[in-house]
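Convention: sequence-line order gives letters A, B, ...; per-chain numbering from 1.
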Protein chains: 2
Amino acid sequence: MIWIKAIHPAARHPTRMITFADAFDLFARRVLPARLTDAVHLRFRLLASLRQLARETSLELAEGGQQIVFLARGATKLVAHASQSRDQIVGFHFPGDVFTVPEPDNYSYSVSALRDSDILTFNAADFLALAAGEACVLQYLLENTTLSLRRCREKTIALGRKNARERLAVFLLAMAERIGAEQDGGVWLDLPMSRRDISESLGLTIETVSRQLTRLRDERVIETMGRSGIVLLEPSLLRDRAGFLREAA
Amino acid sequence: MIWIKAIHPAARHPTRMITFADAFDLFARRVLPARLTDAVHLRFRLLASLRQLARETSLELAEGGQQIVFLARGATKLVAHASQSRDQIVGFHFPGDVFTVPEPDNYSYSVSALRDSDILTFNAADFLALAAGEACVLQYLLENTTLSLRRCREKTIALGRKNARERLAVFLLAMAERIGAEQDGGVWLDLPMSRRDISESLGLTIETVSRQLTRLRDERVIETMGRSGIVLLEPSLLRDRAGFLREAA
DNA sequence: CGGCATGTTGACAACCATCAATAATAGTGG
DNA sequence: CCACTATTATTGATGGTTGTCAACATGCCG
């Protein structure tokens, strides 16, 4: 049916833009305390820039030092560029996430959209200067950064001590936790990232990622549907393959 | 002489303990703003526990949730325990460092002393509740956590995209920055960690670490003196081998 | 339906882990 | 102070996991 054809892709990846007001509102509801005076609220608002990133486009943040980013809509990856086109994805982000983009040092960093995305960017120094008077905001940022750190440490463990098989299992479980939809015993994933993205996140090649997914499919641990659809048939089987600590017996 | 025997090891790795007052004073000078009232100062003091860790001993922090740790003296490693005695070191810490120890999730974490160390531990929740009224403290923690995150991301890049040779170069440069002593053109390092620690930090084996150090020695990039002494003869040569972004030409 | 980007599969090679033996170091006791 | 010993580090030989190169298949979009 025509109707299916026309509506389906749009439903999966809506391209409707949101306004600055909408984006900032989402941000304020999550980060700013309700009791904030209008004046301070406005000053935060003045620091925000809305960037609309079409799928596959990226945002270089070289100028202006460290940035604080709020993802209002879409999905993004934070990429570190090492030498000679060796890129490492240090994190995936989903709507509602707040994260910091480091200023360039030994590597340069960029934010790329996996889907059409709307993000708010703040200069970190300005933001912190303003937040200094609002302990709640600082506390939110601190908790958030601590969470990012925990995720980053888990990634470090995966990259340092796990084989390809285990890394895939860890990745799928992490995605299930963040964007999975429960579905009669299993978990449904609509991955916004390509095999290349997965491989650049896990320190592998796309071929290895593909082989491990095939293997998991052969073992009836997952099912794949097209390029982006994955069903975790039995999450506990994945946990067995993830090389985590055994649960206390 | 008895006297020599008794004092010599102590000279390299002094075992003299410091008092709680000394340790807390070091902490306060670094983290707490000078203008803090005595009452609040005291409340922070009441949250602190001094732990004296002899070399090679470790501190399990399973109970009590996330901890905030201040290292007053010595050197420590933060170890994540994955399954089956596969450990990954997620960070090394030196005097003055503040860091958080996650509560156990998929992995358990412990702090181990590379040298005799004195650390102050705080329950993170209690500490944050108290710091909520002191924006300066929150800001310090936030900056500190952001720095930890940056370091962790750089480690992620190293483990995901670099070979053994590059990882060693990155490691030595990072150590030079943190505990190196300039010495006529080169940098002198007295590494507190063993080859095993280095390998567990870099996601390699001790044999590979050893081989790469030998290779760097053959190439006249470093000199080794005993087990812990390393001189970086020409840091720029190490940078060439670290796989960093080329400096802007 | 057709073209192209993306993903999968296969053959082979490289790098690093593993296993094993030797060497060096640091601390101990004579 | 020096020999002795246990621990730690180095060196060598070999194999496995994953990267690389290549060909092919699939799915997505116009």
Side-chain donor-acceptor contacts of residues 88-101 of chain A below 3.5 Å, not counting sequence neighbours, with atom names and distances?
unit_1: A:Gln88; atom_1: NE2; unit_2: A:Glu200; atom_2: O; d: 3.1
unit_1: A:Gln88; atom_1: NE2; unit_2: A:Ser201; atom_2: O; d: 3.1
unit_1: A:Asp97; atom_1: OD2; unit_2: A:Phe94; atom_2: N; d: 2.8
unit_1: A:Asp97; atom_1: OD2; unit_2: A:Arg178; atom_2: NH2; d: 2.8

(Q) Test of understanding: with side chain to side chain contact (heavy atoms under 4.5 Å, CB included), list the residues that count as partners of B:Leu26, not counting sequence neighbours. (A) B:Phe70, B:Ala72
Q. Who pairs with B:Thr146 by side chain to side chain donor-acceptor pair (under 3.5 Å), at least two apart in sequence or on another chain?
A. none
**Q.** Between D:dG19 (C1') and A:Arg167 (CZ): distance, integer Å
**A.** 12 Å
Q: Please lay out, stage by stage, how B:Glu177 and B:Arg151 fare under the test salt bridge (Lys or Arg N to Asp or Glu O under 4.0 Å).
A: CA-CA 12 Å; B:Glu177 203 174 299; B:Arg151 289 213 178 105; 5.8 Å; no
Q.
Suppose we screen for side chain to side chain contact (heavy atoms under 4.5 Å, CB included). Which residues come up paired with A:Ser194, at least two apart in sequence or across chains?
A. A:Arg196, A:Asp197
(Q) Expected output is a numbered-order residue list: members of residues 197-205 of chain B with a heavy atom under 4.0 Å from any atom of DNA chain C. What is it? (A) B:Gly203, B:Leu204, B:Thr205
Q. What integer distance in Å separates A:Glu166:CD from D:dG16:C1'?
A. 15 Å
Q. How sharply is the helix from C:dC1-D:dG30 to C:dG30-D:dC1 bent, taking the axes over five pairs at either end and rounding to 10 degrees?
A. 50°
Q) Can you pull the salt bridge (charged side-chain N to carboxylate O under 4.0 Å, His left out) pairs that have at least one residue in residues 152-162 of chain B, sequence neighbours excluded? A) B:Arg150-B:Glu154
Q.
According to side chain to side chain contact (heavy atoms under 4.5 Å, CB included), who are the partners of B:Arg165, at least two apart in sequence or on a separate chain?
A. B:Asn163, B:Gln212, B:Arg215, B:Glu219, B:Arg241
(Q) Closest-nucleotide mapping onto DNA chain D: is A:Lys162 or A:Met225 further toward the 5' terminus? I mean the 5' end. (A) A:Lys162
Q) Would you call A:Arg115 and A:Asp190 a salt bridge, using N to O less than 4.0 angstrom? A) yes
Q | Between P of C:dC16 and CG of A:Leu159, the distance in whole Å | A | 15 Å
Q: Summarise how protein sits on nucleotides 3-12 of chain D as a single string, 5' to 3': B when a protein heavy atom is under 4.0 Å from the base, S for sugar-phosphate-only contact, - for no contact.
A: ----BBSBBB
Q) Sequence neighbours excluded, which residues qualify as side chain to side chain donor-acceptor pair (under 3.5 Å) partners of A:Thr57? A) none
Q: Mind checking side chain to side chain donor-acceptor pair (under 3.5 Å) for B:Asp22 and listing every partner two or more places apart, or none if nothing turns up?
A: B:Thr19
Q) For the pair made of CG in A:Leu191 and C1' in D:dC28, what is the distance, rounded to whole Å? A) 17 Å
**Q.** Length of the CZ-P vector between B:Arg161 and D:dG19, whole Å
**A.** 8 Å
Q: Using whole Å, report how far CG of A:Asp190 lies from P of D:dG27.
A: 16 Å
Q: Could I get the full list of side chain to side chain contact (heavy atoms under 4.5 Å, CB included) partners for B:Leu233, not counting sequence neighbours?
A: B:Glu223, B:Val231
